[in-house]
Amino acid sequence: MKFTLNNRFTKQLPADPILENTRRQVTNACFSYVTPKQTANPEMVHVSHDMLQTLGLTKEDSTTKEFLNVFTGNSILPNTKPYAMCYGGHQFGNWAGQLGDGRAINLAEVEHNNKTWALQLKGAGETPYSRTADGLAVLRSSVREYLCSEAMYHLGIPTTRALSLALTGDQVLRDMLYNGNAAYEKGAVVSRVAPSFLRFGNFQLLAAREDITTLTTLVDYTIKNHFAHLGNPSKETYIAFFKEVAEKTLEMIVHWQRVGFVHGVMNTDNMSILGLTIDYGPYGWLEDYDVDWTPNTTDAENRRYRYSNQPNVGLWNLFQLANALFPLVNEAAPLEAILDTYKLEYDASSLKMMRSKIGLYDEFDTDFTLIQELEANLQLVETDMTIFYRTLANFNVNAPNEALKLLEDAFYNLGALTNDIKSKWNKWFAAYASRLKLENTSAEKRKQQMNLVNPKYVLRNYMSQLAIDAADNGDYTLINELYTLLKQPYSEQQKYNKWFAKRPEWAKHKVGCSMLSCSS
């Protein structure tokens with residue numbers, strides 16, 4: 001197993017001079033050197049062959065003792081010094097001060113095919129940023145992160161990736177729902193991969209501490225290595241940098257809304273500067289189309305991170321980043337203009353995305369109202385978002401009165417469809433049929449195009465839970481089946497048709513399927 005190292009983060013940015021792994025406030029630095037914890041009896045559970053190839057590794061590499069040891073933290077790559085990043089952030093809207101990589105350790109940056117990738121272990125032990133936590137992860141959360149990272153990538157959503165999932169052989173104490181019922185669970189480590197794990201919070205913490213020297217160094221580093229096309233650092237470049245971060249963030253969130261993904265913990269320390277989905281904790285997919293749903297138990301009361309509010313939170317988080325970058329620009333107007341543009345661009349991008357979901361490719365002023373009425377109807381009774389949109393591709397413009405029958409599998413309780421609700425649906429289907437007749441697209445072509453934006457398969461919460469339960473008993477076949485299924489989420493895959501189904505009744509309120517904590 002051989003990597004071409006490119007450790008630019010540690011070479012170009014200031015390090016914490018203290019080497020002891022003690023909890024502390026770290027100042028005037030972007031990271032701290034730290035060594036992963038030795039594990040008792042590591043065992044590789046699954047490896048992403050896609051990511052092996054991306055990193056220039058072979059399937060054979062992944063079966064070696066060296067691979068197992070490196071990606072469980074038991075040995076360190078030659079000529080590398082693992083480190084944890086220093087950042088702060090707003091959590092649930094409140095400034096939390098220094099946070100940092102509390103259970104993530106960056107191994108190195110490697111280069112392959114002219115691309116640089118940061119390799120990171122999640123759950124590999126304590127760092128100076130772990131506060132009162134142990135820096136470890138459990139199998140349940142690790143399965144969810146591993147599968148979701150790869151599922152999101154194949155859905156076409158900007159995301160960090162996952163290379164491997166391993167058991168450590170250690171037992172880890174966790175209070176799953178923060179309700180005083182702690183229990184020991186199997187320890188695990190996920191190796192994560194991204195061009196960079198930099199977050200909004202990396203910049204925020206330096207600005208909050210008025211450490212403008214280190215802030216400037218970090219912003220210049222980020223532009224040089226990740227936004228080089230913007231040119232040399234200057235006031236204009238800093239503004240252009242913020243504009244591009246806003247655009248990438250918006251694009252990511254529009255994709256989330258398209259497939260019904262709810263991140264669950266959109267704190268500013270969980271927002272990637274590259275517009276990647278990062279930190280898969282209490283995420284979930286909308287099953288019934290409840291726009292107020294959040295998967296996060298911590299957010300159950302205020303629902304700050306509910307599905308419908310994700311675009312607004314994206315804007316709020318960008319406002320915090322703008323405040324952090326302000327000392328380098330010293331002018332509010334250009335930053336405010338970018339934030340104002342986000343609002344307009346989100347509305348336009350969202351409308352375009354929704355048109356594509358229902359097969360509209362020309363633009364008519366009435367489309368906005370048609371989509372609003374559709375979204376209102378989807379909330380009249382429990383309606384499965386994924387099944388509804390995927391099945392809608394089979395809509396017959398010449399028989400709109402047959403649409404309810406066509407879509408009945410999307411409803412959780414057909415008995416809840418009162419005559420009044422049926423009437424509202426039939427009225428919408430008639431309007432939809434009339435609108436489709438204004439398109440110059442054949443029914444077959446429309447179906448093909450709709451099926452490229454409406455996945456047949458997503459990582460439903462209960463699917464993850466089934467894989468976790470099996471893995472807890474030493475059976476990893478379901479992890480592999482879901483990994484394989486989710487590599488082609490837009491394809492029919494008839495042999496996996498059992499996964500194109502509504503959430504089972506048993507999963508409606510089951511822990512791990514409906515609500516999760518931040519440690520999930």
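Values in this document were obtained by computation on a predicted structure and should not be read as measured data. We count residues from 1, following the sequence as given.
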To the nearest 0.5 Å, how far apart are [atom1] in [X] and [atom2] in [Y]?
X: Lys186; Y: Ile468; atom1: NZ; atom2: CD1; result: 12.5 Å
X: Ser149; Y: Leu486; atom1: OG; atom2: CG; result: 12.0 Å
X: Gln448; Y: Thr441; atom1: CD; atom2: OG1; result: 11.0 Å
X: Leu315; Y: Ile253; atom1: CG; atom2: CD1; result: 9.0 Å
X: Thr298; Y: Gln91; atom1: OG1; atom2: CD; result: 10.0 Å
X: Tyr346; Y: Glu251; atom1: OH; atom2: CD; result: 13.0 Å

Is the [X]-[Y] ring centre distance short of 6.0 angstrom?
X: Phe92; Y: Tyr305; answer: yes
X: Phe395; Y: Tyr432; answer: yes
X: Tyr476; Y: His46; answer: no
X: Phe388; Y: Trp425; answer: yes

Say whether, by atom type as modelled, one donor and one acceptor occur between the side chain of [X] and the main chain of [Y] under 3.5 angstrom.
X: Gln257; Y: Tyr307; answer: yes
X: Tyr496; Y: Tyr457; answer: no
X: Ser191; Y: Ser164; answer: yes
X: Glu43; Y: Thr168; answer: no
X: Glu439; Y: Tyr361; answer: yes

Practice item. Check Asp269, Leu318, Asn270 against Phe200 for a side-chain contact (heavy atoms from CB on, under 4.5 Å) and give me the one that passes. Key: Leu318

Point to revise | Given His263, Arg303, Glu301, the one that forms side-chain contact (heavy atoms from CB on, under 4.5 Å) with Thr294 | key: Arg303

Using side-chain heavy atoms (C-beta onward) and a distance below 4.5 Å, is [X] in contact with [Y]?
X: Glu145; Y: Lys122; value: yes
X: Leu121; Y: Val190; value: no
X: Leu360; Y: Leu436; value: yes

If you measure only the distance, is there a donor-acceptor pair under 3.5 Å linking the side chains of [X] and [Y]?
X: Tyr412; Y: Thr383; value: no
X: Gln493; Y: Trp499; value: no
X: Asn451; Y: Lys456; value: no
X: Lys357; Y: Asn454; value: yes
X: Thr277; Y: Trp256; value: yes

Practice item. Give the C-alpha distance, both sets of side-chain angles, the deciding distance and a yes or no for side chain to side chain contact (heavy atoms under 4.5 Å, CB included) between Leu136 and Arg174. Key: CA-CA 10 Å; Leu136 303 176; Arg174 281 292 177 273; 4.2 Å; yes

Exercise for review: Please step through salt bridge (charged side-chain N to carboxylate O under 4.0 Å, His left out) for the pair Arg161 and Glu150, ending with a clear verdict.
Suggested key: CA-CA 6 Å; Arg161 302 289 303 276; Glu150 293 305 281; 2.7 Å; yes

Revision key, fill the gap. Closest non-hydrogen atoms of Ala416 and Val381, given as atom of the first, atom of the second and distance, are O-CG1, 3.5 Å

Check your understanding: Does Arg503 pair with Asp288 as a salt bridge, N-O distance under 4.0 Å?
Key -> yes

